[in-house]
Amino acid sequence: MVARTEEIRVENLRKVFPSRDLNKPDVVALDHVDAKIMPGEFVSLIGPSGCGKTTWLRLISGLEVPTDGAIYVGDKKITAPGRERGLVFQDPNLFPWLTVQENIAFGLKIKGKLTQEDHENIAELITLVGLTGFEKSYPYQLSGGMAHRAAIARALVNNPEVLLFDEPFGALDAFTRMKLQNDVLRIWHERKTTMILVTHDVEEAIFLGQRVFAMTPRPARVKKIINIKLDYPRKRDDQTFIALKEEVLSVLDFHNI
Amino acid sequence: MIGVVLLVHNLVPNSVTNFEKPQPYFNILLIIVFILSLLLAIANTITKKIKVFQYNSPRIGVAFALIGIYDLATAKFGWINTLFFPNPDKIFGALVNNSALLVKCLGYSVWLLIIGWVIGGILGVITGVLIGWSTNWHYWLDPFVKFLGPIPPTVLIPIALSAFPTSFAASAFLLALSMWFPVTILTNSGVASVRIDYLEVADTMGASTIQKIFKVALPASLPSIFVGLFNGICASFITLMVAEMLGVKYGLGWYINWQREIMGYANVYAGLIVLAIAFSLIITILFRIRDHFLKWQEGLIKW
């Protein structure tokens, strides 16, 4: 796998959602957000719920358009969704009418007829996310964890520069979540994809990210960037790990709750 | 358990066959059913594995018992007016003697239905997608659908018969209309309520609008579209029968009405039996098709 070369620059980003109710002010989700994410980096975005971190992610994916400022991947300004930026949603959102294999193939199929190489690519992805044997299953036959794996494989099929995760494992039980976190790390090591993870789980943010962006409440800004200089695989009961957890919590003003 | 079932099943047709018959067909039917069930019963006691037989024999037995009672009430004791309620013997006789004409009429009706469904179904899906997907199309087409749709196509029969050159074209138009309205409404509702997340997934994969319609919105709406097809087919049955009874010069509805006018009630019932079997079969086929296309859906209603 070729190393990623495109860095992501976020410049003076601002996003305002106009209020539907004339008596209420517009919602400023993001304001003056600046950031630089290196190629192949794993970054976690953490902040209080409703702070606008998901909006930030959707802006990077191109599903939302910024009110002000811009995001660049390499030197290309993001204006619309694109294949080079994969998004893993909070819910797996697999298409229920397609099998696991067809769901994963979706991104390739809309480009044209599947080639032999595409089929190999799909088979490889199914192995990568550990869904061998479930290729022909329909989403309703999958467990929550398996559905998430399929969703990750589907987002990877276009071989994106960046993979965006929007609180992907929030609804899963603790064991499945830890297993999927390890899977994501393994995929990251194998594919060297730039990863941006939005989460409200401090442990998850530190376990996965090389840097943790702690956000302020709405309008979201980057309050502090915490470098996580632990080697992978990380141990959750490590002294430094626990200390970092304390630090992130105190940055987020949660230390006295 | 099986023994009791067999007893009920075998005794009833048996007792009915004991009566003498002026026409052979009903008797032949009963003898065939009797021999068949006897053979199956023997096979079943040996292997104990004919599930279909075990499951169905009680209700088949009861069905023949009811026919037997009807036979008693008409042919044997004459409890009810045999002019309007001919005995099973006459009905089956009519069924066999008129089979050629009945098949012709059935073929004509089914051919009309198919033309109506194809035209109405395709136009319905197109209209439904347009108003469900695009606000512009919705603005212009929605009043049209809401104004024309609820009119029962049967009231348009007089207009259609005079507006179209042939009664065949008029019927096809009315059937297409019967199909079009429910399919439009339910396709629209399916397309309009596609989860926005699915469309966003397609967006992040780089799908175009056309691809989002054909690869996401339409498959997601299929369950709803099938409800529309089901409603449309049922509505088209009604429209077809009324149209054939009122003015179209062929088909099963016309046959039934014609026989009623000449007091051929045995033939009326024969027509009804053919009708019931054909329409039930059509709905069964529809559900089979649906089961194939919606095999990804959990908990389908069985037919």
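It should be emphasised that the depicted structure is a prediction, and the values quoted were computed from it without experimental measurement. Chain naming here is simple, since letters A, B, ... match the order of the sequence lines and numbering starts at 1 in each.
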Is there a side-chain contact between A:Pro96 and B:Tyr198 in this structure, where contact means two heavy atoms from C-beta onward sitting under 4.5 Å apart? yes

Please say whether more than 12 non-hydrogen atoms of neighbouring residues, nucleotides or ligands are located less than 6.0 Å from CZ in A:Phe17. yes

Closest non-hydrogen atom pair, B:Ala202 against A:Phe95: N-CZ, 4.4 Å

Evaluate whether atom CZ of B:Phe164 has more than 12 neighbouring non-hydrogen atoms of other residues, nucleotides or ligands under 6.0 angstrom away. yes

Going from OG1 on A:Thr99 to NZ on B:Lys295, what distance comes out if it is rounded to the nearest 0.5 angstrom? 9.0 Å

Separation between CG (A:Leu94) and CH2 (B:Trp296), nearest 0.5 Å, reads 13.0 Å

For A:Lys179, look at atom NZ and say whether over 12 heavy atoms of other residues, nucleotides or ligands are found less than 6.0 Å away. no

With side-chain contact (heavy atoms from CB on, under 4.5 Å) as the criterion, how do A:Phe89 and B:Val201 come out once you've worked through the C-alpha distance, each side chain's angles and the decisive distance to 0.1 Å? CA-CA 8 Å; A:Phe89 290 73; B:Val201 168; 3.5 Å; yes

Taking all atoms of both residues into account, what is the closest heavy-atom pair of B:Val216 and A:Phe106, and its distance? CG2-CZ, 4.0 Å

Say you draw a straight line from OG1 of B:Thr204 to CD of A:Glu84; how long is it, rounded to the nearest 0.5 Å? 11.0 Å

Is it true that, when you exclude A:Tyr140 itself, more than 12 heavy atoms of the residues, nucleotides or ligands shown sit nearer than 6.0 Å to its OH? yes

With chain B as the partner, which of A:Gly62, A:Pro81, A:Gly82 has the greatest number of non-hydrogen pairs under 4.5 Å? A:Pro81

I'd like to know whether CZ of A:Arg186 has more than 12 heavy-atom contacts from other residues, nucleotides or ligands below 6.0 angstrom. yes

What is the distance from atom CE of B:Met205 to atom CZ of A:Arg85, rounded to the nearest 0.5 Å? 13.0 Å

Calculate, to the nearest 0.5 Å, the distance between atoms CG and CG belonging to B:Leu199 and A:Leu63 respectively. 10.5 Å

Just wondering, are more than 12 heavy atoms of other shown residues or ligands nearer than 6.0 Å to CZ in B:Phe237? yes

Applying a strict 4.5 Å limit to non-hydrogen atoms, the region of B:Gln211 in contact with chain A is side chain

Can you tell me which portion of A:Asn158 sits under 4.5 Å from chain B's heavy atoms? Options are side chain, backbone, both or neither. side chain

So for A:Arg154, is it side chain, backbone, both, or neither that comes closer than 4.5 Å to the heavy atoms of chain B? both

Could you please spell out the steps behind the side-chain contact (heavy atoms from CB on, under 4.5 Å) verdict for B:Asp197 and A:Gln90? CA-CA 10 Å; B:Asp197 295 356; A:Gln90 205 161 350; over 6 Å; no

To the nearest 0.5 Å, what is the distance between CD1 on A:Ile110 and NZ on B:Lys215? 8.0 Å

